[in-house]
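Residue numbers run from 1 in the order of the sequence given. What you see is a predicted model; the values in this text were computed from it and never measured.
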Amino acid sequence: MATGGSSLSKLSDENFDFVCTACDKDNKKLEAVRYCVECLGYCCEECTELHTRFPTLRNHYLLDVGQGKQDGFQQTKLPEFPTERCCFHQGKVLDMFCETHNVIGCSTCISKDHRTCPDNEIHSIPEMIGTLFSLSYSKQIQKTLKDLMVSITSIRDAKDVQLATLKEAKIKAIKQVTKFQNALESIVKKVSEKSRKEVIDTYKKLEKEILQDKTDLKKASDVLQVTKDKLFKAEGNRAQRFVCTKIAERKITETENEISERKMNEKTDVHLSFKPNQSLMDYINYLHGTGEVAVVSRKKKDLYKVKVRKSINIKVPGDNVSSSLGCCLTFDDQLLITDYNNQKLKRVDIHTLTVIDYCKLDSQPFAVCLINEHEAVVTCHGKKIQFVSIGGNKMKPTRQIKMSHRCNGIATKDDKLYVTDFDSSLYIYDMTGNLLETLSPDETDNKLFANSKYVTFDEKEDKMYVSDWHKGIVCFDGVGKYLPTFNDIDLDSVNGICVDGRSNIFVVECCSQNIVQFNEDGKKIGVVNKEGDGLHNPCSVCYHQELNRLFVTMENSDDVKMFELE
């Protein structure tokens, strides 16, 4: 038998201890004189020579086949030796491990940076791999890499949501600028462009920051993917897998720190708005722009506080005492309010806080919601819903749909109407009144509602919330699947409900006369209003995201409350 140290390559039918891997594939039986760690194969003299000729092969780590023989390796079990190169000492293999510092390095790294470490804690990876390597821990690291990549993807998706929200806010802000410009006629035109440019520049700056975050996250994901791939490819080579595991361990620590910082930053949403200056007419020639461009950053879980409180008197000539049971905001900064006692739908300008229009209905209205910029729909006493044209300066009732049940709260989404019944059900209709679905008992035939009230949607969380006088907040996912109901000691008699676009939920509690804030997981953040804020028998609630204002209607009162929050 030929030895591993033979200096001659032979082509014959003779059986060798080690056969050249590459030549063997061409049915040539040549004796191997070296083993290439990177190629994971044995080399004859000719193949060994090729390793010295080609630049890409020149740094491959070649072992004498005798080393594998001494360690008891056979042709079917290849030597386990690291292939990862040191990034500080070019060409050197990471084949040493310092147990004291739990780091890997090449021989130069160890001799330079770990010469004071105990000798018994400095290990040669190939020699001690049986003791050093743990397959279960390596698999755990592999799973952690995968989980981190999922987290990065989640954060990048959140950035997409931020971009979409920011773009929508930009469009609304530009519309507000334009509307205010038209109101001030010719003199406003020379300064409105300055405000428009400020909105766009602010948007571009925020967009650039978010896009940069996405780029950084993509780079981090790519690094983890490379690390994960190396760990996967090291299967069968415990030494290489150990090295890759340690590298992955370091990458995980670095990425986790970055993820932790980004998650802290992720608690805030960025919004862009335009706040008109109502005194502009008097000194417009001296202004920088037509208003203030504000970037609002709010931690998602912070409790809102009332900064400014005002009352809106909604009484019009001929009214008895009003009783506003429902409200919603329009696209052009107007507030629609149902007045049950006076059978009217009223429209309020939220900047001047005055009633600018109203229309008479043929029965008492409960709740109202917006369909589009030209139409709203109202639930009415007598088991019916009333459509109302809101385009132009005068509102007008249009078509009407009779229902087979009482109607209370109402909301729209994807050309569907969601209607509660003061009882145990929520009905889903198309816009012509065809019943599509009824949500009532759950899978165990338990009633979902005891006294269903108002309905709202959280587009960001893709959830639907229904307030229930007795049960609290009944939750559904985007496809109508029932989720756990939120409740709290402060929710004794739940009325109105709305969301803020940042995954916070506002709930009006009638008996305590409070506005209670919850997060998307049903955790109570706290009570927004204070005693003395003037809430009496509060009914419905809606929120203006750009102006950060909360509007609350009240039963048997001529006033609607406006709270500017911070």
Mind checking the CG-OG spacing from Asn313 to Ser557? Nearest 0.5 Å is all I need.
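These two atoms lie 8.5 Å from each other.
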
Working to the nearest 0.5 angstrom, can you tell me the gap between Asn451 CG and Asp421 CG?
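Here the interatomic distance stands at 8.5 Å.
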
Heavy atoms only: give me the nearest Met395-Leu345 pair and the separation to one decimal.
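Looking at all heavy atoms of both residues, the closest pair is CE-O, 3.1 Å.
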
Closest heavy-atom contact between Glu546 and Leu272?
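Residues Glu546 and Leu272, closest heavy atoms: CG-O, 4.3 Å.
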
May I ask you to decide if [Y]'s main-chain N or O and [X]'s side chain share a donor-acceptor pair within less than 3.5 Å?
| X | Y | result |
| --- | --- | --- |
| Asn487 | Lys471 | yes |
| Ser540 | Cys327 | yes |
| Glu509 | Cys511 | yes |
| Asp521 | Lys523 | no |
| Lys346 | Ile314 | yes |
| Thr144 | Gln140 | yes |
| Asn320 | Asn341 | no |
| Asp339 | Ser323 | yes |
| Gln517 | Tyr304 | yes |
| Asn529 | Gln513 | yes |

Relative to each other, are the rings of [X] and [Y] parallel, tilted or perpendicular (30° and 60° limits)?
| X | Y | result |
| --- | --- | --- |
| Tyr465 | Phe486 | tilted |
| His381 | Tyr340 | perpendicular |
| Phe476 | Phe449 | tilted |

What residue among Thr456, Asn548, Asn504 forms side-chain hydrogen bond (donor to acceptor under 3.5 Å, both in side chains) with Tyr543?
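For Tyr543, the side-chain hydrogen bond (donor to acceptor under 3.5 Å, both in side chains) check succeeds only for Asn548.
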
So, applying side-chain hydrogen bond (donor to acceptor under 3.5 Å, both in side chains) with Asp222, which one of Gln225, Lys219, Lys218 is it?
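Only one of Gln225, Lys219, Lys218 forms a side-chain hydrogen bond (donor to acceptor under 3.5 Å, both in side chains) with Asp222, namely Lys218.
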
Are Asp213 and Gln162 close enough, and set up right, to give a side chain to side chain donor-acceptor pair (under 3.5 Å), and what steps lead you there?
CA-CA 11 Å; Asp213 280 348; Gln162 279 189 333; over 6 Å; no

Step by step, would you call Asp201 with Lys197 a salt bridge (Lys or Arg N to Asp or Glu O under 4.0 Å)?
CA-CA 6 Å; Asp201 289 346; Lys197 184 178 182 301; 2.6 Å; yes

Intermediate values then yes/no, salt bridge (Lys or Arg N to Asp or Glu O under 4.0 Å), Lys194 and Glu198
CA-CA 6 Å; Lys194 295 180 181 179; Glu198 186 178 355; over 6 Å; no

Exercise: do Asp333 and His544 side chains pair donor with acceptor under 3.5 Å:
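Short answer, yes.
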
Between Leu547 and His351, is any pair of side-chain heavy atoms under 4.5 Å apart?
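Yes. Closest side-chain heavy atoms under 4.5 Å.
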
Among Trp469, Tyr427, Phe366, ring pair (Phe, Tyr, Trp, His ring centres under 6.0 Å) partner for Phe422
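Single pass found, and it is Phe366.
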
